Amino acid sequence: MFREDTIAAISTAMSDGGIGIVRISGPDAISIGNEIFLPANQKKKVSDMASYSAVYGHVVHHEKTVDEGILLLMRGPKSYTGEDVVEIDCHGGVVVLKKVLETAIEAGARPAEPGEFTKRAFLNGRIDLSQAEAVMDVIHSKNEFALESSMKQLSGGLKRKIEEIRGKILYEIAYIESALDDPEHISLDGFANHLELVVTEQKEKIDHLIETAENGRILKEGIRTAIVGKPNAGKSSLLNLLVGEDRAIVTEIAGTTRDTLEETIQVKGIPLQVIDTAGIRKTEDIVEKIGIEKAKETMDQSDLVLYVADSSRPLDENDFEIMDCLKEKKAIIILNKSDLNQVTGEKEIRTHISKDMIVFSAREETGLDELYEKLEEMFFEGKLSFNDEIYITNMRHKNSLCQASQSLSMVLQSIMDGMPEDFFSIDLTDAYEHLGYILGESMGEDLVNEIFREFCTGK
């Protein structure tokens with residue numbers, strides 16, 4: 001899994017810019033720096049530089065200047081990868097960055113694989129696997145709250161919680177094994193009662209982390225929000241208003257939207273995956289029927305439904321069908337077209353369904369602030385500050401936590417059934433190992449490689 005060679009890659013975006021960075025890491029990083037970088041002060045050499053220092057000079061290839069820039073040196077183990085690292089800050093043009101990288105490779109480095117710098121940090125023990133995965137979460141954060149959550153994991157917040165739980169479990173495993181090996185000096189009398197308390201406490205901590213996974217998914221991916229309603233109720237107008245541009249076609253012709261249309265927006269920092277759907281109504285049009293079925297499927301799979309009702313028209317069987325689908329969903333009813341003569345109001349809606357309701361006018365753009373406040377209230381209980389809470393945003397972490405929780409449930413069942421202590425040890429060890437998968441302990445090479453393959457090259 002670990003290759004003791006020197007790697008190099010462009011670590012900034014491949015586009016024209018003011019600055020670009022070529023990163024080199026490995027046992028020959030400093031000697032390669034010596035070969036390809038000439039400090040402006042000719043008395044200096046890269047190999048003589050102190051760690052965490054920088055020098056101005058030129059990148060050279062066969063005695064020809066490639067670019068000017070600044071070389072940063074970070075000696076291992078106190079570097080990002082835990083190895084000697086050289087970073088060359090040069091101009092950000094695509095051509096010049098490629099030339100600097102080619103120069104480093106010709107001097108003895110090899111092209112880094114996707115995520116290989118972070119993979120080396122993990123393999124060198126500088127970070128655990130949960131922190132490594134948090135690196136990509138930080139890079140791909142879609143909002144400030146996702147960033148905050150990712151930074152907590154990157155700084156070891158999840159690691160500390162998992163290590164604390166594993167420490168408690170390991171102590172009990174060790175006690176059982178010691179007592180079984182030396183029953184004359186270590187007694188197990190009353191141990192089952194003690195173990196039940198410890199396991200129950202640790203299982204509650206694990207289950208709490210599992211419960212955060214839904215909010216963690218929303219933080220990471222956004223609230224999947226379906227806009228539904230009859231044709232011409234104002235669904236596409238609402239989408240355009242939320243997005244801030246004419247993203248969807250708006251006409252007086254019913255049934256204009258035949259397929260779903262998705263946009264990602266932010267409301268008070270919360271990302272919404274807004275999906276405009278086909279108008280739901282009885283129709284004989286084959287294509288429209290397909291769009292309506294897709295609308296219903298989208299509504300069923302969404303975290304939140306915005307049901308746009310046309311308050312200028314009476315309710316009909318299409319509205320009733322939509323409201324029946326919403327009874328078990330998180331939904332906000334938007335009484336649109338409040339600028340027209342009102343035929344349907346809150347009273348008529350509430351005889352069929354009880355959901356949060358907003359009087360709205362897409363044409364006059366009224367009711368939008370109330371909608372934003374309602375969204376904030378519905379999700380995260382109106383509080384968008386997470387304090388020291390750790391949110392599980394990774395499905396692999398959630399699965400491992402669920403398996404650990406199940407193993408501890410089996411321990412509690414064994415205690416209730418009066419089973420021998422060695423049965424406790426088996427399931428406690430399983431829970432310990434499942435939690436270890438989150439940190440990257442006892443993991444196969446294939447899984448580790450698969451995780452880092454998702455990283456960008458240069459990170």
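Since we're looking at a predicted model, the values are computed, not measured. Basis for what follows: all heavy atoms, side chains included, without hydrogens, waters or symmetry-related copies.
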Using the salt bridge (charged side-chain N to carboxylate O under 4.0 Å, His left out) rule, take E172 and K168 through it: C-alpha gap first, then chi angles, then the decisive distance, then the call.
CA-CA 7 Å; E172 302 305 330; K168 298 283 187 181; over 6 Å; no

Quick one: do the [X] and [Y] side chains pair a donor with an acceptor below 3.5 Å?
| X | Y | result |
| --- | --- | --- |
| Y56 | E68 | yes |
| S425 | E177 | yes |
| D427 | S407 | no |
| Y437 | N399 | no |

I'd like to check [X] versus [Y] (side-chain heavy atoms, cut-off strictly below 4.5 Å). Are they in contact?
| X | Y | result |
| --- | --- | --- |
| Q273 | I223 | no |
| S405 | I210 | yes |
| L238 | F360 | yes |
| D319 | M323 | yes |
| I438 | L158 | yes |
| I206 | L408 | yes |
| T277 | I227 | no |
| L73 | S51 | no |

For the aromatic rings, using the six-membered ring if either is Trp, is the centroid distance between F37 and H58 under 6.0 Å?
no

Return the minimal non-hydrogen interatomic distance between [X] and [Y], and the atom names on each side.
| X | Y | answer |
| --- | --- | --- |
| V59 | T103 | CG1-CG2, 4.5 Å |
| S25 | T81 | OG-OG1, 2.8 Å |
| G33 | L71 | CA-CD1, 4.4 Å |
| I36 | A107 | CG2-CB, 3.7 Å |
| I24 | A104 | CD1-CB, 3.9 Å |
| A9 | F117 | CB-CE1, 3.7 Å |

Side chain of [X], backbone of [Y]: donor and acceptor closer than 3.5 Å?
| X | Y | result |
| --- | --- | --- |
| R75 | M49 | yes |
| T6 | A109 | no |
| D128 | S130 | yes |
| S400 | R396 | yes |
| D84 | G76 | yes |
| N41 | K43 | yes |

Is the [atom1] atom of [X] crowded by more than 12 outside heavy atoms at less than 6.0 Å?
| X | atom1 | answer |
| --- | --- | --- |
| M74 | CE | yes |
| Q406 | CD | no |
| E328 | CD | no |
| K329 | NZ | yes |
| I19 | CD1 | no |

To the nearest 0.5 Å, what is the distance between [atom1] ([X]) and [atom2] ([Y])?
| X | Y | atom1 | atom2 | answer |
| --- | --- | --- | --- | --- |
| Y372 | D369 | OH | CG | 7.5 Å |
| L375 | T225 | CG | OG1 | 7.0 Å |
| M357 | K374 | CE | NZ | 11.0 Å |
| L326 | K355 | CG | NZ | 7.0 Å |
| I169 | L428 | CD1 | CG | 6.5 Å |
| Y175 | L195 | OH | CG | 11.0 Å |

Exactly one candidate in L401, I165, I162 meets side chain to side chain contact (heavy atoms under 4.5 Å, CB included) with K205; the answer is I165

Working note: C90 + L97, criterion side chain to side chain contact (heavy atoms under 4.5 Å, CB included); need CA distance, chi angles, decisive distance, verdict.
CA-CA 8 Å; C90 51; L97 280 170; 3.7 Å; yes

Run D5 and R120 through salt bridge (charged side-chain N to carboxylate O under 4.0 Å, His left out) and show every step you take.
CA-CA 11 Å; D5 55 1; R120 289 190 172 205; 2.6 Å; yes

Testing K99, H91, H61 for side-chain hydrogen bond (donor to acceptor under 3.5 Å, both in side chains) with D67, which one passes?
H91

For [Y], is there an ion pair with [X] - N to carboxylate O distance below 4.0 angstrom?
| X | Y | result |
| --- | --- | --- |
| E321 | K296 | yes |
| E116 | R110 | yes |
| K98 | E102 | no |

Apply side chain to side chain contact (heavy atoms under 4.5 Å, CB included) to I275 and R224, showing your working.
CA-CA 8 Å; I275 308 159; R224 188 171 171 83; 3.5 Å; yes

Working note: V66 + V60, criterion side chain to side chain contact (heavy atoms under 4.5 Å, CB included); need CA distance, chi angles, decisive distance, verdict.
CA-CA 5 Å; V66 175; V60 294; 5.9 Å; no

Tell me, please, whether Y80 has R23 positioned over its six-membered ring: NZ or CZ under 6.0 Å from the ring centre and within 45 degrees of its axis?
yes

Using the ring of each side chain (for Trp, its six-membered ring), is H194 parallel, tilted or perpendicular to F191, with breaks at 30° and 60°?
tilted

Could you check D303 against K330 for salt bridge (charged side-chain N to carboxylate O under 4.0 Å, His left out), going step by step and ending with a plain yes or no?
CA-CA 7 Å; D303 304 309; K330 278 188 177 180; over 6 Å; no

Could you please spell out the steps behind the side chain to side chain contact (heavy atoms under 4.5 Å, CB included) verdict for F122 and L439?
CA-CA 10 Å; F122 163 63; L439 305 182; over 6 Å; no

As a quick check of understanding, evaluate salt bridge (charged side-chain N to carboxylate O under 4.0 Å, His left out) for D48 and K44, giving each step before the final call.
CA-CA 7 Å; D48 295 332; K44 288 187 176 182; over 6 Å; no

